[in-house]
Protein chains: 2
Amino acid sequence: MARAGLTTERLTEAGAALSDEIGFERATLSELARRFDVKVASLYSHVRSSEDLRIRVALLALEEMADRGDTALAGRAGKDALIALGNVYRDYAREHPGRYDAAQMRLDPQTAASSAGPRHSQMMRAILRGYDLTEADQTHAVRLLGSVFNGYVGLERSGGFSHSTPDSQQSWDRILDSLDTLLKGWPAP
Amino acid sequence: MARAGLTTERLTEAGAALSDEIGFERATLSELARRFDVKVASLYSHVRSSEDLRIRVALLALEEMADRGDTALAGRAGKDALIALGNVYRDYAREHPGRYDAAQMRLDPQTAASSAGPRHSQMMRAILRGYDLTEADQTHAVRLLGSVFNGYVGLERSGGFSHSTPDSQQSWDRILDSLDTLLKGWPAP
DNA sequence: TCCATTTGCCTAATAGCCTTAGGTAGATAG
DNA sequence: CTATCTACCTAAGGCTATTAGGCAAATGGA
């Protein structure tokens with residue numbers, strides 16, 4: 001019997017593609033096996049469980065977004081950098097909805113710590129160096145940025161404000177603009 | 001055979017309680033049937049499908065949060081109101097994690113329109129009347145508030161910033177504070 | 001090149017959840 | 001008190017996940 005040439009990486013990549021195509025929820029091991037024309041049990045040589053694969057897809061998505069973030073931030077600072085990073089998340093979610101959903105998974109602390117998660121915090125901190133904040137305020141601001149980026153993209157994806165005026169793009173621009181203003185004049189406690 | 005006295009409402013309520021207890025994902029019809037000491041098929045007289053129940057739990061959660069919001073906003077305005085509403089979401093998520101997860105479901109436009117979703121927008125608009133914003137800017141600001149509230153609670157729940165300093169409460173206070181400042185001096189386009 | 005080992009994929013089997021079809025007994029109404 | 005309704009049941013089929021054990025293809029050492 002011909003071998004399909006499965007590897008953990010290939011399965012993860014295919015799982016990610018499948019998630020984008022039919023949704024993270026519907027991307028099952030069974031469906032994956034069907035696509036590779038292989039029996040489900042065969043996948044267990046490369047992946048510990050269904051959950052294991054989903055975590056791998058989540059980690060892949062986090063890495064990909066971090067990579068895009070690095071690229072986007074190169075040579076930018078201040079408001080430019082802020083906008084660039086925000087767009088990384090928003091664009092990624094549009095292009096890869098399944099992967100983006102995967103990235104929202106709650107990872108256990110161990111896994112989260114060794115994921116690209118910390119890279120995301122680092123990128124936000126890098127942006128904040130363009131503003132004048134104390135160490136503690138930088139942390140608060142990182143959390144604010146994370147909340148706004150994740151929150152906005154999430155609401156946009158759940159259709160919260162499609163087909164209503166003003167359109168989503170305008171709000172997005174306006175929100176990034178006001179975040180910049182806020183960071184420039186970050187209020188004293 | 002004694003009857004269990006099932007109704008759609010009772011199942012929805014039990015589904016919500018079960019979600020809080022074992023997680024929204026794990027709250028299955030099978031488990032629900034077990035709790036009521038009833039066969040799974042019996043539930044189908046009261047609920048169309050597994051998905052149907054999950055949507056009902058989501059709608060319940062949205063209603064409950066809106067009710068809490070109304071109560072919290074009564075007699076408050078400006079920054080007080082902002083803080084009060086923010087805490088409604090944060091506290092609700094802590095007290096009812098399963099329900100909160102349910103509320104994140106992507107509902108189809110029909111269902112979303114007839115849900116308590118619009119009440120949430122209305123509450124935010126009510127708060128913004130305490131600030132001086134144009135109609136369009138009010139919409140942008142509603143979206144910003146929604147993003148921050150949802151985003152922050154989501155990140156907090158996924159363990160993003162537990163066990164790190166400054167603690168999450170401080171960031172939350174600081175962020176609400178800065179949102180207030182931002183709204184007071186909302187930048188011109 | 002041949003043999004030994006590894007390993008990639010298979011079959012078989014179990015278990016859990018979801019869903020539909022059709023039956024029965026307890027509640028309800030005329 | 002009977003007729004209808006309906007709440008719950010049994011039975012059965014389908015999909016997903018997971019484990020155990022087997023065979024054949026690939027791999028590497030002599």
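Labels below follow one simple rule: chain letters A, B, ... track the order of the sequence lines, proteins then strands, and each chain is numbered from 1.
- Residues of residues 5-15 of chain A that place a heavy atom closer than 4.0 Å to DNA chain D do not occur.
- The CG-P distance, from B:Leu43 to C:dA21, rounds to 17 Å in whole Å.
- Looking at B:Glu135 and B:Arg125, a side-chain N of the basic residue comes within less than 4.0 Å of a carboxylate O on the acidic one, giving a salt bridge.
- Note: A:Tyr92 and A:His96 meet the aromatic proximity criterion, with ring centroids under 6.0 Å apart.
- Neither OP1 nor OP2 of C:dT7 sits under 4.0 Å from any side-chain N or O of A:His46.
- For D:dC9, the OP1/OP2 oxygens have a side-chain nitrogen or oxygen of B:Ser42 closer than 4.0 Å.
- Ring centers of B:Trp186 and B:Tyr131: at least 6.0 Å apart, outside the cut-off.
- For the pair B:Glu51 CD and D:dC15 P, the interatomic distance rounds to 19 Å; values are reported in whole Å.
- Remark: the backbone N or O of A:Arg99 is paired with a side-chain donor or acceptor of A:Asp20 at under 3.5 angstrom.
- Comparing D:dC8, D:dT18, C:dC9 against the side chain of A:Ser49 picks out D:dT18 as the nearest.
- Atom NZ of A:Lys39 is separated from atom C1' of D:dT16 by 14 Å (rounded to the nearest Å).
- Here D:dC15 is the nucleotide among D:dA17, C:dT19, D:dC15 with the atom lying nearest to any side-chain atom of A:Arg34.
- Here B:Ser30 does not reach the OP1 or OP2 of C:dG16: none of its side-chain N or O atoms lies under 4.0 Å away.
- Put simply, the residue from A:Arg94, A:Arg68, A:His120 that forms a side chain to side chain donor-acceptor pair (under 3.5 Å) with A:Tyr89 is A:His120.
- With D:dC8, D:dT10, C:dC9 as the choices, the nucleotide that has an atom nearest any side-chain atom of B:Ala41 turns out to be D:dT10.
- Under the side chain to side chain contact (heavy atoms under 4.5 Å, CB included) rule, B:Leu43 has a single partner from B:Leu53, B:Thr8, B:Val38, which is B:Val38.
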